[in-house]
Amino acid sequence: QVQLVESGGGLVQAGGSLRLSCTVSGFRFTRYAMAWFRQAPGKEREFVAVTSQRTGSIIYRDSVKGRFTISRDNAKNTVILQMNDLKPEDTAVYYCAAGERVIVSQMRSQSGYDHWGQGTQVTVSS
């Protein structure tokens, strides 16, 4: 059974930090690109960051560059999103996603991902 379980969300003041984790089971983690997306109230889900399964490529959306860091621990089947200097506009539900065949040009698109977690709420107060 495929499972992606996110944790680490919460309420933080602007300028603070949170560390999101996504632990997976039911598929071979090392074969999958792992990404984070987010969805704010009334908005579409958007790409945040991705780490590829083979090349080590990492891509961020422009608004989080320099503040967020994505990493993966293949031994623990876990992908981490370290979020620093959080801003109110980062408030959203954050989802991790896994894609086996997603290619670099598709990594920012939801359609490239096969499995999704249930999401974890991040709220940044001003």
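Closest heavy-atom contact between Val122 and Gly9: CG2-CA, 4.2 Å. Tyr60 and Thr69 make their closest contact through OH-CA, 3.3 Å (heavy atoms, listed as atom of the first residue, atom of the second, distance). Ala14 and Ser126 make their closest contact through CB-CA, 4.4 Å (heavy atoms, listed as atom of the first residue, atom of the second, distance).
Clustering ILVMFWY residues whenever any of their side-chain heavy atoms sit less than 4.5 angstrom apart, transitively, puts Val24 in the very cluster that holds Val2. The cluster map of Ile, Leu, Val, Met, Phe, Trp and Tyr, joined by side-chain heavy atoms under 4.5 Å apart, puts Met83 and Val12 in the same cluster.
The structure places CD of Glu46 at 10.0 Å from CD of Gln110, a figure rounded to the nearest 0.5 Å. Rounding to the nearest 0.5 Å gives a distance of 7.5 Å between CZ of Arg72 and OG of Ser52. To the nearest 0.5 Å, atoms CD1 (Ile58) and OG1 (Thr51) are separated by 4.5 Å. Here Glu100 contributes atom CD and Phe27 contributes atom CZ; the two are 9.5 Å apart, rounded to the nearest 0.5 Å. Residue Ile103 holds its CD1 atom at 12.0 Å from OG of Ser57, rounded to the nearest 0.5 Å. The structure places CD of Gln82 at 6.0 Å from OG of Ser17, a figure rounded to the nearest 0.5 Å.
Checking side-chain atoms of Thr91 against main-chain N and O of Thr123 turns up no donor-acceptor pair under 3.5 Å. Put simply, the side chain of Asp85 never gets that close to the backbone of Gly16: no donor and acceptor are under 3.5 Å apart. Checking side-chain atoms of Glu6 against main-chain N and O of Ser21 turns up no donor-acceptor pair under 3.5 Å. Under the 3.5 Å distance criterion, the side-chain polar atoms of Gln53 are left unmatched by any main-chain donor or acceptor of Tyr32.
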As a quick check of understanding, evaluate side chain to side chain contact (heavy atoms under 4.5 Å, CB included) for Arg38 and Val64, giving each step before the final call. CA-CA 12 Å; Arg38 66 186 182 187; Val64 308; 4.0 Å; yes
Stepwise, does the ring-ring contact (aromatic ring centres under 6.0 Å, His included) test hold for Tyr113 with Phe37? CA-CA 11 Å; Tyr113 296 88; Phe37 287 76; 5.4 Å; yes
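Inter-residue side-chain proximity for Val93 and Thr120 is flagged as unmet; no heavy-atom pair is nearer than 4.5 Å. Counting heavy atoms from C-beta on, the side chains of Asn84 and Phe68 never come closer than 4.5 Å. Between Ser111 and Gln106, the closest side-chain pair of non-hydrogen atoms is not below 4.5 Å. Within the 4.5 Å cutoff, the side chain of Leu86 has heavy atoms near those of the Leu18 side chain. Between Ile59 and Val104 the shortest side-chain heavy-atom distance falls below 4.5 Å. Contact check for Met34 versus Leu4: side-chain heavy atoms found under the 4.5 Å cut-off. Residues Arg19 and Ile80 have side chains in contact (heavy-atom distance under 4.5 Å, counting atoms from C-beta outward). Residues Val79 and Trp36 are in side-chain contact: their nearest non-hydrogen atoms beyond the backbone lie under 4.5 Å apart.
Counted by atom type alone, Thr78 and Thr23 present one or more donor-acceptor pairs between their side chains at under 3.5 Å. Side-chain polar atoms of Ser63 and Arg61 form a donor-acceptor pair below 3.5 angstrom.
Asp90 and Lys87 are not joined by a salt bridge, as no carboxylate oxygen comes within less than 4.0 angstrom of a charged side-chain nitrogen.
Scanning for ring pair (Phe, Tyr, Trp, His ring centres under 6.0 Å) contacts around Tyr94 gives an empty result, with sequence neighbours left out.
Considering Val48, Leu20, Leu81 in turn, Leu81 is the only one that fulfils the side-chain contact (heavy atoms from CB on, under 4.5 Å) rule with Ile70.
Below 30°, between 30° and 60°, or above 60°: for Trp116 and Tyr95 the angle between ring planes is above 60°, a perpendicular geometry.
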